[in-house]
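Atom set for the values below is all heavy atoms of this structure, side chains included, hydrogens, waters and symmetry mates excluded.
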Amino acid sequence: MGRTRNIKDLMKTDNIYENGLLLQTTGHTLRPGGFLLTDQAVRNCGFLPGAEVLDVGCGYGATVDRLVSLYQLKAFGIDPSETLLTIGHQNYPNLSLSQGIGEKLPFADGSMDGVFAECSLSLMTDTNQALREMYRVLKSAGRLVIHDVYARNAQGVQELRELSLNSCIRQALTEEQILESLDSLGFQILQWQDHSPLLVQLTVDLIMKHGSMQAFWLKSAGCPSDQEKVQGALKKARMGYFQVLVQKS
């Protein structure tokens, strides 16, 4: 009972990832499409049983559990959130989940066959540093899997930055910015795919749950009262969702 109360206390926050607001719609994956792109990436990357993989921004640990239980991979997860990890340890007590940030991964050089960043890269303070760290911990020819939101219209990026939203949307990059960063670090681009319909479906699901996107954002952390500004910025940026697979060359 004491641990249950502790988790409830931890969830008393205005962070939408920690307070259960997004969880109500997405389940433990906390992202558009659930495990759809995770499964697709495992197949496309050809990870074999026993391969060592890292989930950066693992949240509750749902992906780590799937990689271990379904694909027999040796999977690890890190996340900066004490709240999400506490719940993750309760739900998946046998998983290797630890606290950490993408910009400073607590793993040795060349130790991972694969790295996943599932709707987490856009939440990191320094995207390029996080990508450098992912490159560092990958083995030669190791694969990096990213799926995340992105701005399909570069002209709308600045307005996203000006929003006071505690959400990945505010930090969304363009396709060009993402691919340029990966290329500059020495990654070989294997595949880029647009999966924006998954973001559209999540939007529909959130509307069904909360009545409108305005109602959802009003419940969100640090959401401005000017909802027209929020909706205008999102519309101008033409928010999308992507998956990119790259290889350490």
Side-chain angles (χ1 to χ4, degrees), residues 16-17 22 25-26 29-41 44-45 55-59 63 101-103 114-135 143-207 213 216-217 220 223 229-247:
I16 61 172
Y17 300 99
L22 192 59
T25 302
T26 64
T29 61
L30 298 176
R31 61 179 178 268
F35 293 118
L36 178 66
L37 297 185
T38 307
D39 294 337
Q40 177 177 300
N44 289 343
C45 290
D55 184 15
V56 182
C58 65
T63 289
I101 60 174
E103 294 89 343
V115 174
F116 286 76
E118 299 182 305
C119 217
S120 61
L121 185 65
S122 56
L123 288 168
M124 296 178 195
T125 303
D126 189 334
T127 300
N128 283 330
Q129 174 59 22
L131 289 173
R132 279 192 289 270
E133 278 290 276
M134 294 175 197
Y135 187 94
R143 303 294 176 88
L144 169 62
V145 178
I146 303 171
H147 27 271
D148 216 322
V149 294
Y150 76 113
R152 290 181 286 179
N153 176 21
Q155 302 305 315
V157 168
Q158 184 56 42
E159 291 184 27
L160 292 178
R161 300 290 182 271
E162 294 170 357
L163 296 176
S164 56
L165 288 175
N166 185 11
S167 166
C168 57
I169 287 174
R170 191 166 65 87
Q171 294 296 115
L173 300 172
T174 65
E175 177 181 353
E176 182 179 17
Q177 289 172 321
I178 296 163
L179 294 181
E180 282 184 355
S181 292
L182 291 166
D183 182 68
S184 69
L185 292 171
F187 283 108
Q188 177 187 356
I189 312 300
L190 302 178
Q191 182 184 80
W192 169 283
Q193 290 184 333
D194 179 85
H195 291 281
S196 297
L198 296 179
L199 187 61
V200 173
Q201 184 59 56
L202 176 56
T203 301
V204 171
D205 293 341
L206 288 170
I207 291 172
M213 283 306 297
F216 172 74
W217 290 122
S220 302
C223 182
K229 182 178 180 180
V230 175
Q231 297 304 318
L234 296 178
K235 184 176 181 180
K236 183 175 181 179
R238 293 184 59 239
M239 298 304 300
Y241 199 71
F242 74 91
Q243 181 183 75
V244 64
L245 307 181
V246 298
Q247 177 174 283

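Here OH of Y241 is found 6.0 Å from CG of L37. Values are rounded to the nearest 0.5 Å. For the atom pair OH (Y17) and SG (C119), the distance works out to 6.0 Å, reported to the nearest 0.5 Å. The line from CG of L160 to OG of S122 is 11.0 Å long, rounded to the nearest 0.5 Å. Atom CG of L131 sits about 6.5 Å away from atom OG of S181, to the nearest 0.5 Å. Of the inter-residue distances, the one linking E175 atom CD with D194 atom CG reads 8.0 Å to the nearest 0.5 angstrom. Between S120 atom OG and I146 atom CD1 the span is 8.5 Å, to the nearest 0.5 Å.
Side-chain contact between L144 and L245: absent, with no pair of heavy atoms (C-beta onward) separated by less than 4.5 Å. R152 places none of its side-chain heavy atoms less than 4.5 Å from the side chain of M239. The closest side-chain heavy-atom distance from I101 to M124 is not below 4.5 Å. Side-chain contact between T125 and E103 is present, with at least one heavy-atom pair separated by less than 4.5 Å. Taking 4.5 Å as the limit, every side-chain heavy atom of E180 sits out of range of all side-chain heavy atoms of D183. Within the 4.5 Å cutoff, the side chain of M213 has heavy atoms near those of the T203 side chain. At a threshold of 4.5 Å between non-hydrogen side-chain atoms, the residues L190 and R143 count as touching. A heavy-atom distance below 4.5 Å is found between the side chains of M134 and L121.
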For H147 and Q193, what are the C-alpha separation, side-chain angles and deciding distance, and is it a side-chain contact (heavy atoms from CB on, under 4.5 Å)?
CA-CA 9 Å; H147 27 271; Q193 290 184 333; over 6 Å; no
Residue pair Q188, V246: steps toward the side-chain contact (heavy atoms from CB on, under 4.5 Å) verdict:
CA-CA 5 Å; Q188 177 187 356; V246 298; over 6 Å; no
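The heavy-atom pair separating V157 from A172 by the smallest distance is CG1-O, 4.2 Å. Considering every non-hydrogen atom in both G102 and V56, the closest pair reads CA-CG1, 3.8 Å.
Remark: F35 pairs with T29, R31, T38, D39, A62, T63, R66 by the side chain to side chain contact (heavy atoms under 4.5 Å, CB included) rule, at least two apart or across chains. Residues passing the salt bridge (Lys or Arg N to Asp or Glu O under 4.0 Å) test with E159 are K236, sequence neighbours excluded. Y150 is linked by a ring pair (Phe, Tyr, Trp, His ring centres under 6.0 Å) to W192, F242, counting only residues two or more places apart in sequence or in another chain.
A donor-acceptor pair shorter than 3.5 Å cannot be found between the side chains of H195 and Q243. For the 3.5 Å distance criterion, the side chains of D205 and T25 fail to qualify, holding no donor opposite an acceptor.
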